[in-house]
2 protein chains.
Amino acid sequence: MNVMNDSPRRKELTRQAAQLFVQEGFDRTTVRMLAQEMGIKSGSLFHHFRDKQEILAAVIEEGTENALGIARAALDDCDSNPASRLHAMARAHLETLLTDRNAHVVALYEWRRLDAPARAHLSHLRDAYEALWEEVIDDALAAGLIRGDRFLVSRFVMGALNWTVRWYDPDGERTPDELAGELVAMLTHPAG
Amino acid sequence: MNVMNDSPRRKELTRQAAQLFVQEGFDRTTVRMLAQEMGIKSGSLFHHFRDKQEILAAVIEEGTENALGIARAALDDCDSNPASRLHAMARAHLETLLTDRNAHVVALYEWRRLDAPARAHLSHLRDAYEALWEEVIDDALAAGLIRGDRFLVSRFVMGALNWTVRWYDPDGERTPDELAGELVAMLTHPAG
DNA sequence: GATTTACACTAGCGCTTGCTTGGTTGACCC
DNA sequence: GGGTCAACCAAGCAAGCGCTAGTGTAAATC
């Protein structure tokens, strides 16, 4: 019937869908709204995506892959000092909000709207991202840089960072680097 | 036409609506689902609420008022020590998840679905709650208990706490008091 | 030059949505 | 014992929903 590969056209449509999903929420975004934003008619949309769910899955997949890529690159560019690795992860997280905000927000806040198969497929990506965080936090704990329960600390930190999408303005004064620095400063204790 | 006061019946219906809003999300919850949960027919629902939006507003109003009440009571029962006030606020926040989880979750995650008039009306309540937090955080900063930018610290802390609704199990092992203690321990620095 | 492919269109089906209308019931009141 | 009133119901409307069927067309491929 139609081709479900990841053509450049589909990539672009996915990007536009993400924008609308953020603005309106997945449920309130109709296929007619999506089509209008894309400059086509609603019927044509189903040439690129099997159904509305698949659009959501495509958006989330891209957002999570992007975040994962940025985080891995940040860690690779980094020495083995736990403090700088913590800082690098926080900065990477905030930088995804600069480069790919919409997809990232959708991944965070519309996850529940995925049907079971899509969720199963995408949870691996998500787990990989969270595993990076837990590794960095484990190192910071072991080095005595931060203190507390492993499970709780990672949840608190992820919470603080994920919440940034509600107030952080990428066009504002603060750079991701500064913000990451502030977070790490708040969490860490003077060495020794 | 019908009475929009806050009768006990309406209170109970609001409570049941909150449950469904959490389970399904506001947009996916239909008036027919709400009516069934309430044990009435969908038409009867509009005897108690003008429209679906008003049900959401009622839920959020109750949730925020509850959180505000618990937080104020917690601060009143507290000495003026910044550390114990910080702890008390965190504990109060988590306790609202015990006593009034659904309404509180809806207030956090369905805020955007409110129409403009309802949002204007309810934002005062929300501001009052956040003001309590900022006051407590200001004191902690002034006492050197935590460090960092006033604006950022309060956002990070609110983020960490608000995120708890995604993973905290009120029936689990940890009490709100313990959890609050862990958070404060993570944030605060040894005196001096 | 014929066939395929990618992408778009028109038209509308079957269903669900929030909400309205007009009426019934039973408890309470003077 | 007529009037009032909150609470509820049955029935359904108009609009909007996701999605499908069938067609057109220009470019690529054989």
Side-chain angles (χ1 to χ4, degrees), chain A residues 1-60 106 110 112-119, chain B residues 1-60 106 110 112-119:
Chain A
M1 192 154 289
N2 24 19
V3 188
M4 299 300 177
N5 59 5
D6 34 27
S7 62
R9 181 81 176 117
R10 186 173 144 130
K11 267 263 160 68
E12 171 63 13
L13 296 181
T14 302
R15 220 185 47 78
Q16 290 175 308
Q19 159 103 21
L20 262 181
F21 287 162
V22 170
Q23 250 175 57
E24 304 287 329
F26 176 71
D27 290 323
R28 288 170 105 88
T29 304
T30 70
V31 293
R32 287 166 178 81
M33 291 164 66
L34 286 165
Q36 190 173 24
E37 182 84 4
M38 296 166 178
I40 57 179
K41 300 294 174 180
S42 72
S44 312
L45 213 156
F46 295 91
H47 171 73
H48 301 278
F49 303 92
R50 197 181 333 272
D51 51 27
K52 194 187 165 190
Q53 275 278 334
E54 203 183 69
I55 309 179
L56 178 61
V59 169
I60 292 185
V106 172
E110 305 287 352
R112 299 180 26 158
R113 304 288 159 243
L114 289 169
D115 55 20
R119 204 178 312 192
Chain B
M1 193 156 291
N2 24 19
V3 188
M4 299 300 177
N5 59 4
D6 36 26
S7 61
R9 181 76 178 123
R10 184 173 145 131
K11 265 264 161 68
E12 171 62 14
L13 296 180
T14 302
R15 219 185 47 78
Q16 290 175 309
Q19 159 103 21
L20 263 180
F21 287 163
V22 170
Q23 251 175 55
E24 305 287 329
F26 177 70
D27 290 323
R28 286 172 107 87
T29 304
T30 69
V31 293
R32 286 166 179 81
M33 291 164 67
L34 286 165
Q36 190 173 24
E37 183 84 5
M38 297 166 177
I40 57 179
K41 299 295 173 182
S42 71
S44 313
L45 215 157
F46 296 92
H47 172 72
H48 301 278
F49 303 93
R50 196 181 334 269
D51 52 28
K52 195 187 166 191
Q53 275 277 335
E54 203 183 69
I55 309 180
L56 178 61
V59 169
I60 292 185
V106 172
E110 305 287 354
R112 300 182 24 163
R113 304 288 159 244
L114 289 169
D115 55 19
R119 203 178 310 192

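A, B, ... follow the sequence lines: proteins, then strands. Residue 1 opens every chain.
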Nucleotides 23-29 of chain C: which of its N/O atoms have a protein N/O under 3.5 Å away?
none

Can you give me the N/O atom pairs linking the protein to nucleotides 8-12 of chain C at distances under 3.5 Å, or say none if there are none?
unit_1	atom_1	unit_2	atom_2	d
C:dA8	OP1	A:R9	NE	3.3
C:dA8	OP1	A:R9	NH2	2.9
C:dA8	OP2	A:H48	NE2	2.8
C:dC9	OP2	A:K41	N	2.6
C:dC9	OP2	A:S44	OG	3.0

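Once rounded to the nearest 0.5 Å, the distance linking CE of A:M33 with OG of A:S42 reads 13.0 Å. Distance CG/A:L34 to OG1/A:T14: 10.5 Å, rounded to 0.5 Å.
In terms of the side-chain contact (heavy atoms from CB on, under 4.5 Å) criterion, B:R112 has no residue partners (sequence neighbours excluded). In this view, B:R15 and B:E12 satisfy the salt bridge (Lys or Arg N to Asp or Glu O under 4.0 Å) rule, not counting sequence neighbours.
For the pair B:R10 CZ and D:dA7 P, the computed distance is 11 Å after rounding to whole Å. Regarding B:R50, its CZ atom lies at a distance of 11 Å from the P atom of C:dC19, rounded to whole Å. Spacing between atom CZ of A:R113 and atom C1' of D:dG18 amounts to 16 Å, rounded to whole angstrom units. Regarding B:D27, its CG atom lies at a distance of 12 Å from the P atom of D:dG18, rounded to whole Å. Spacing between atom CZ of A:F46 and atom C1' of C:dA6 amounts to 18 Å, rounded to whole angstrom units. B:L45 has its CG atom 10 Å from the P atom of C:dC19, to the nearest Å. Atoms CD (A:E24) and P (D:dC17) sit 11 Å apart, rounded to a whole Å. To the nearest angstrom, P of C:dG18 lies 15 Å from CZ of B:F49.
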message = Checking B:L45 against B:I55 for the side chain to side chain contact (heavy atoms under 4.5 Å, CB included) test, could you report, in this order, the C-alpha distance in whole Å, the side-chain angles of both residues, the deciding distance, and whether it holds?
response = CA-CA 10 Å; B:L45 215 157; B:I55 309 180; 3.2 Å; yes
ask   = Should B:Q16 and B:L13 be marked as a side chain to side chain contact (heavy atoms under 4.5 Å, CB included) after you check the CA-CA gap, both sets of side-chain angles, and the distance that decides it?
value = CA-CA 5 Å; B:Q16 290 175 309; B:L13 296 180; 3.9 Å; yes
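B:E110 places no side-chain N or O within donor-acceptor distance of the main-chain N or O of B:L56, the cut-off being under 3.5 Å.
Sorted by first then second residue, the salt bridge (Lys or Arg N to Asp or Glu O under 4.0 Å) pairs that include residues 29-43 of chain B, not counting sequence neighbours, number zero.
Listed candidates were D:dC17, C:dC19, C:dG18. Nearest to the side chain of B:D51 is C:dC19.
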Under 3.5 Å, side-chain donor or acceptor atoms of residues 17-27 of chain B against the rest of the protein: list the pairs with distances, not counting sequence neighbours.
unit_1	atom_1	unit_2	atom_2	d
B:Q19	OE1	B:N102	ND2	3.4
B:D27	OD1	A:R28	NH1	2.7
B:D27	OD2	B:R113	NE	3.1

